[in-house]
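Notes follow the structure.
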Amino acid sequence: MIIPFDLHTHCTLSFDGKSSAEDMVDRAIKLGIKYYALTDHIDLGDFPDPDFDLEATVNGAKEQLPALQQKYAGDFTLLYGVELGQAVQDKELTEKLLSENDYDFVIGSTHNIRGHEDFYFLDYKEADVPELLRLYFEELLETAEWGRFDVMGHITYPLRYITGDCGIEADLTRFGGIIDRILQALIKNGKGIEINTSGLRQKYGRMFPDADIVKRYRELGGKILTIGSDAHCTDDLGKGIAEGIAAAREAGFTEIAVFRKRKPLFIGI
Ligand SMILES: [Zn+2]
Ligand SMILES: [Zn+2]
C-alpha cells in the first residue's frame with residue numbers, strides 16, 4: 001500500500017533523533033509519501049532533557065526545513081512542524097516560539113506532568129499509578145483548554161511505560177469523564193487528535209490512543225485526525241500508518257487531516 005502521509009517524525013534536530021532531516025525527507029519520498037512532517041522536540045517545563053538545546057533545535061529547524069521545502073517542492077509536501085512538550089508549563093516561552101516561527105503544524109504533547117520527570121523515568125512499582133494518570137489527564141485538559149496547537153499528541157502516552165514496560169494494566173474507564181472533557185475542549189477550540197503508531201513497534205503493542213478514544217472524539221463531533229509514526233530514524237518512517245488508517249476508518253473517519261500554515265487540509269481514506 002502507498003503511504004499517503006506521516007505527520008509525526010523526528011530527525012537529528014531532536015535530542016533523540018538518529019537520521020538527518022535530508023535523509024528522512026529522502027526516505028519519505030522513496031516510500032511515496034505525499035505529506036510528510038518533521039516535528040522535532042521542543043520540551044518545556046521543569047525537566048528538560050540534558051541533551052536538549054532549545055536554541056539549536058529552533059534555529060536548526062528554521063534553517064533546514066524551509067530550504068528542504070523549496071528543494072523538494074512539487075508532488076511532495078514537507079510540513080515544517082514541531083512537537084511542543086508541556087507547553088502549558090511555560091506558556092510565555094511557547095507563545096514566543098509560536099510567534100517567531102512559521103510552523104505548518106504544531107503537535108501539543110505531554111511527556112511529563114508538572115513537578116515530575118518524563119514518564120520514561122518514573123518507578124511504577126513504587127508509584128501511585130491511578131494518581132499519576134489523574135494528574136496526566138488533568139494536564140491534558142489544561143492543555144486542551146489552552147489550545148494553541150493543532151493536534152494533541154499521543155494521548156495515553158504513559159501507558160507505554162506503565163503497561164508496556166512494567167506490565168501494569170491501567171483501567172482507563174474511571175477516567176472516562178475527564179477524557180470526554182478533554183475531547184470536548186479540543187473540539188470547541190477546533191483542535192484535533194493524532195493516532196500515534198509508535199506503540200505498535202514497542203512492547204506496548206498498541207496505538208496512542210486506542211481506537212475507543214478516537215471513536216469517542218468523533219462521536220462528540222471531532223473532525224481533525226492526523227496519523228504519525230513518531231519515527232526517530234529512517235527505518236521507522238511510515239511504520240504503522242496503514243494500521244492507523246484502518247483504525248481511523250473503523251472509528252468512522254473518511255478523511256485524515258494534514259496541515260499547511262496551521263490550517264487543516266483533508267485527504268480521503
Ligand atoms: Zn512525544
Ligand atoms: Zn514524537
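Every number for a ligand or one of its atoms is a count from 1 in the order of the listing. In what follows, every heavy atom counts, from backbone to side chain, and hydrogens, waters and symmetry copies are set aside.
A perpendicular orientation is assigned to the rings of Tyr80 and Tyr103, their planes being inclined by more than 60° (bins at 30° and 60°). Note on ring orientation: taking the six-membered ring where Trp is involved, the planes of Phe52 and Phe15 are perpendicular (angle over 60°, cut-offs 30° and 60°). Relative orientation of the Tyr204 and Phe208 rings is parallel, given thresholds of 30° and 60° on the angle between their planes.
Qualifying side-chain contact (heavy atoms from CB on, under 4.5 Å) partners for Glu55, counting only residues two or more places apart in sequence or in other chains: Asp53, Asn59. The ring pair (Phe, Tyr, Trp, His ring centres under 6.0 Å) test applied to Phe266 returns no partner, not counting sequence neighbours. For Asp16, the side-chain contact (heavy atoms from CB on, under 4.5 Å) criterion is met by Ser14, His41, His232, not counting sequence neighbours.
Under 2.8 Å from the Zn ion (ligand 2), one finds the following protein N/O/S atoms: His8 NE2, His10 NE2, Glu83 OE1, Asp230 OD1.
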